[in-house]
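Let me begin by presenting the structure, written as structure tokens, before commenting on it.
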Amino acid sequence: MTHTVKRDRMLVGGFALAVLTMPVWMTPLGAGYPDLLQRFAIYGIFAIGFNILFGLTGYLSFGHAVFLGVGSYAAVWSFKLLSMNVLPAVLCAMGVSGLFALAIGYISLRRSGIYFSILTLAFAQMAYNLAYSVLTPITNGETGLKIERVDPRLIDTWLSGPSTLIPSTNFFGMPMSGYSGFFFCAVLLIAAFYVALRIARSPFGAMLRAIKSNQNRLNYAGVHTRPYALTAFVISGIFAGLAGGLLAATDPLAGAERMQWTASGEVVLMTILGGVGTQLGPFVGAVIIKYAENIFSAFNPQTLHGIFAFLPDPIEDVVVTVTGLFVGNGWQLTLGTLFMLLVIFLPGGVIEGARRLGVLIGRKTAALRGRRSQPLGSALPASGAASE
Amino acid sequence: MSDNINDPSRRRALKVGAALGMGLAAPSLIYTRNAWAANFRNDPTKAKTVMLGFNVPQTGPYADEGLDELRAYKLVVKHLNGEGDGGMMKTFKPSKLKGNGILGKKVTYVTGDAQTKADAARASAKRMIEKDGVIMFTGGSSSAVAVAAQSLAQEMGVVFMVGLSHSNDTTMKDRRRYGFRHFFNAYMSGQALAPILAAELGTDRRAYHLTADYTWGWTQEESLKNATEKLGWKTVAAVRTPLGAGDFSQYITPAVNSGADVLFLNHYGKDMVNSLTQAVQFGLRDKMVNGKRFEIVVPLYSELMVQGAGAAAKGILGTANWHWNLPNEGTKAFTQSFVKEYGFPPSQAAQTCYAQTLLYANACEVAGTFYPPEVIKVLEGYKFDGLGNGPTEYRAGDHQCMKDCLVVRGALHPTGKYDLLEVVKVVPRSQIEYPASMGGGELGPYIV
């Protein structure tokens with residue numbers, strides 16, 4: 001038991017270190033700028049929360065983006081009505097999306113499997129259409145909900161009088177754009193990661209895993225599983241709401257497209273790409289997808305010509321034409337291919353790939369060591385057994 | 001050591017106090033540095049090149065316009081760097097552009113896909129500003145995007161030259177110090193169109209509006225309602241349709257049975273192509289209502305849309321910012337240069353984006369610096385000619401270009417593949433002008 005605790009501590013520590021140093025090691029990859037780093041952290045939280053429901057409990061929600069959108073709207077309304085401080089906004093986002101999750105989960109969890117997925121998808125589409133047209137006074141429809149100079153901002157006005165310009169979001173004076181915004185999101189991401197890990201290790205987490213492996217058996221044993229599943233659903237919804245609130249905090253604008261089914265599908269992709277049910281997987285998946293979306297989509301034939309300039313001209317043209325299909329507007333083609341290959345050859349996602357690679361390397365080095373120690377004779381079988 | 005933690009000694013209090021003080025002072029240090037004039041975001045003074053960001057929709061309902069904008073941007077970069085035939089740079093007056101880039105620095109650019117979505121457009125613009133280090137970004141084909149990008153420009157302190165945006169809000173309610181619009185707006189469309197409508201359709205009409213459900217649609221509907229009701233027209237109903245709906249038949253049927261005899265399609269891009277084609281297929285134009293022929297009006301027209309709608313657009317009235325066969329010097333030079341490069345004439349989206357980039361580049365030359373507040377001050381109140389629209393003024397009060405606009409009609413007998421619009425009237429600036437204070441809004445500070 002102490003062994004696991006120690007390993008978990010190292011995992012959280014390593015994770016925190018990796019996340020907080022992202023501005024440094026992401027720069028050579030072309031992703032070391034605040035806006036994208038913020039997105040990595042925010043969608044990481046979203047995917048980690050989704051994993052509690054999908055990876056741990058085995059319920060595939062196809063409408064999880066609804067909580068992201070609700071969180072964003074709640075946060076922007078908090079900016080408009082209360083204060084430009086992100087603290088009330090984030091709390092507001094988590095609270096409102098939690099309530100939404102409770103309502104949607106209460107109904108959807110009466111079914112499981114594909115029926116559950118369809119129900120959540122239906123709710124999400126409903127919410128999207130409401131936000132897009134019927135609820136325009138609350139959501140400002142296609143234009144998107146944004147901060148105005150004339151908003152009441154009761155707390156801010158009470159503290160420092162009405163503002164003459166449109167204020168920007170802050171955390172007690174710390175601006176939310178740029179690197180300070182990233183570190184704010186990063187700290188919350190690490191906290192979310194820690195909470196998710198604690199949940200997975202707790203008796204409650206064990207119950208969720210039991211639901212995933214065989215719900216019928218639990219029911220026959222006299223366990224009422226729905227409250228557990230509902231709790232997982234709400235927690236997961238609150239994570240998504242937090243992510244939505246942070247999206248609004250770093251960029252105070254909320255649009256309905258955040259709730260579209262494509263956004264819901266994206267988080268499923270992130271989780272599967274990274275590794276369902278693993279601790280690190282969802283975050284890794286979120287980083288890969290957001291990286292592809294922002295970096296590959298910005299490539300154009302010019303950049304490709306730059307990259308392949310070392311090839312002879314006719315070959316260069318062919319290579320650029322072919323690869324051109326997979327970047328720019330076609331970045332989703334790259335993602336689709338990558339996703340297909342992963343699901344076919346590595347169903348456990350990137351984390352599974354890394355683990356296999358680790359084992360392979362371990363075996364190679366062991367074999368190498370074995371060969372070196374061959375003259376000694378008996379060392380070979382021993383080291384071979386150790387690597388298994 | 002352990003007593004150090006529990007004992008609140010003086011030394012420890014000092015240490016904590018000092019640390020806190022440093023932490024609080026750090027952000028303000030960054031602020032004061034930014035406020036220093038010679039040090040602004042993405043300052044290209046030390047670089048050999050200057051980077052511009054072209055943020056256009058390459059996917060979504062306005063993608064056709066976006067791609068044409070991109071063509072214009074690529075062309076203007078060539079001309080600024082002294083390649084090609086120079087286009088409107090030869091006719092632009094007064095101009096300090098020399099064809100050696102901007103302030104002697106070669107112009108390079110990055111592109112991004114705004115996806116016709118405010119969220120995506122802002123993400124793409126942020127990438128350009130934070131990663132690629134653009135000194136100015138421009139483009140876009142939706143007012144929702146323009147408004148969102150413009151407020152981002154203000155927050156970031158990077159100038160945004162609005163692409164295609166026709167909503168009043170862009171330079172009224174949501175105007176910003178760092179945003180500039182060359183294109184005309186919905187209020188001007190209403191003022192220009194109303195007298196022609198009165199002359200051709202009479203003063204006793206009943207109108208029905210189908211409106212794209214976002215800032216542009218809302219303001220265009222409002223502007224046309226006001227302008228036509230002043231003529232004595234009645235508005236039967238105004239129905240909002242979602243952007244990118246694709247199928248408009250469910251909205252057109254009620255319009256037919258409403259007792260209205262004029263249908264306003266406040267749609268743009270692929271949406272307008274679809275709604276107009278479907279309205280014509282429903283036989284609206286052959287109907288007689290209230291003893292008058294049923295008419296369709298598309299208040300904002302574009303060549304690209306007429307190409308898409310084909311025969312359905314014949315004879316339909318609307319307004320435009322510019323058309324490639326206008327008989328002035330700038331237009332001729334630009335059209336010639338564009339046709340030579342791409343083999344077909346430019347759209348009004350291309351013209352406005354080309355003009356915007358030249359205007360920005362020239363403002364830098366005149367100011368002698370890239371420092372945004374100085375560049376903005378040059379643009380404010382700048383009077384110029386030779387960019388295709390005749391004498392034009394960038395109004396200081398609201399950053400809206402004031403110039404003539406066009407009332408156009410889908411050509412009844414098109415002479416060529418691209419000659420699909422005929423100019424009914426060039427409406428003079430005096431007829432469509434309004435005070436800069438109209439619509440409210442605050443430009444905000446120069447230094448952010």
Side-chain angles (χ1 to χ4, degrees), chain A residues 27 30-39 72 128-129 132-134 136 140-150 164-170 172-175 177-180 247 250-258 260 263 290 293-295 297-300 302-303 328-329 331-332, chain B residues 23-24 26-28 30-31 58-59 63 70 74 108-113 115-120 122-133 142-145 147-148 151-152 154-156 167 169 173-174 176 212-218 240-244 440-442 444-445 448:
Chain A
T27 307
Y33 63 100
D35 182 55
L36 186 53
L37 292 172
Q38 286 165 6
R39 265 161 223 278
S72 289
Y128 168 69
N129 281 319
Y132 200 95
S133 51
V134 184
T136 302
N140 209 18
E142 163 74 21
T143 317
L145 189 64
K146 54 186 189 301
I147 316 277
E148 312 274 352
R149 191 177 55 89
V150 290
T164 48
L165 354 142
I166 298 178
S168 45
T169 53
N170 62 73
F172 299 106
M174 187 173 92
S177 57
Y179 282 108
S180 53
L247 274 180
T250 52
D251 192 356
L253 179 98
E257 67 259 18
R258 244 169 232 178
Q260 220 174 350
K290 284 292 144 190
E293 183 183 310
N294 285 276
I295 303 296
S297 71
F299 277 23
N300 50 28
Q302 264 190 325
T303 14
N329 292 338
W331 69 271
Q332 274 154 327
Chain B
L24 288 173
S28 55
I30 297 166
Y31 273 129
Q58 299 172 41
T59 49
L70 204 54
K74 287 180 179 163
T108 55
Y109 65 91
V110 284
T111 60
D113 184 3
Q115 298 177 26
T116 329
K117 287 180 190 165
D119 244 7
R122 273 174 81 112
S124 163
K126 273 192 169 176
R127 172 180 61 77
M128 292 174 175
I129 296 168
E130 291 180 344
K131 176 171 172 245
D132 303 314
S142 154
S143 290
V145 168
V147 167
S151 58
L152 180 74
Q154 187 76 26
E155 282 163 33
M156 293 277 185
S167 169
D169 289 350
K173 186 163 76 56
D174 295 310
R176 290 287 182 279
D213 194 0
Y214 72 102
T215 168
W216 166 66
W218 302 337
R240 306 274 163 90
T241 64
L243 180 64
E442 284 285 326
V448 291

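This structure is a prediction, so every number in the text was calculated from the model and none was measured. Only heavy atoms go into these numbers, but all of them, side chains included; no hydrogens, no water, no symmetry mates. In what follows, chains are A, B, ... by sequence order, proteins preceding strands, each numbered from 1.
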### Query
With no hydrogens and no angle check, is any side-chain donor or acceptor of B/E130 less than 3.5 Å from a backbone partner on A/D35?
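Pair found, side chain donor or acceptor close to backbone of A/D35.
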Quick one: what part of [X] sits under 4.5 Å from any heavy atom of chain B, side chain, backbone, both or neither?
{"X": "A/S177", "value": "neither"}
{"X": "A/E148", "value": "side chain"}
{"X": "A/N140", "value": "both"}

When rounded to the nearest 0.5 angstrom, what distance separates [atom1] in [X] from [atom2] in [Y]?
{"X": "B/Q154", "Y": "A/S168", "atom1": "CD", "atom2": "OG", "result": "11.0 Å"}
{"X": "A/L253", "Y": "B/L152", "atom1": "CG", "atom2": "CG", "result": "10.0 Å"}
{"X": "A/E142", "Y": "B/W216", "atom1": "CD", "atom2": "CH2", "result": "12.0 Å"}
{"X": "A/I295", "Y": "B/R127", "atom1": "CD1", "atom2": "CZ", "result": "7.0 Å"}

### Task
Look at B/D213, B/T215, B/D119, B/T241 and state which one has the largest set of heavy-atom pairs under 4.5 Å with chain A.
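So the answer, after comparing B/D213, B/T215, B/D119, B/T241, is B/D119.
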### Message
For the interface with chain A, which of B/E155, B/M156, B/R122 has the highest count of heavy-atom pairs at distances below 4.5 Å?
### Response
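With the most close heavy-atom pairs to chain A, the winner is B/R122.
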Are any non-hydrogen side-chain atoms of [X] and [Y] less than 4.5 angstrom apart?
{"X": "A/L36", "Y": "B/K131", "answer": "no"}
{"X": "B/K126", "Y": "A/D251", "answer": "yes"}
{"X": "A/Y33", "Y": "B/I129", "answer": "no"}
{"X": "A/T143", "Y": "B/V147", "answer": "no"}
{"X": "B/D174", "Y": "A/K146", "answer": "yes"}

### Query
Which residue out of A/S180, A/A254, A/G255, A/P34 racks up the most heavy-atom pairs below 4.5 Å with chain B?
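Most pairs with chain B among the choices: A/P34.
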### Query
Which answer fits B/A212, side chain, backbone, both or neither, if we ask what part of it has an atom under 4.5 Å from a heavy atom of chain A?
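Neither part.
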### Residue part contacting chain A, namely of B/T116, when any heavy atom lies under 4.5 Å
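The backbone, not the side chain.
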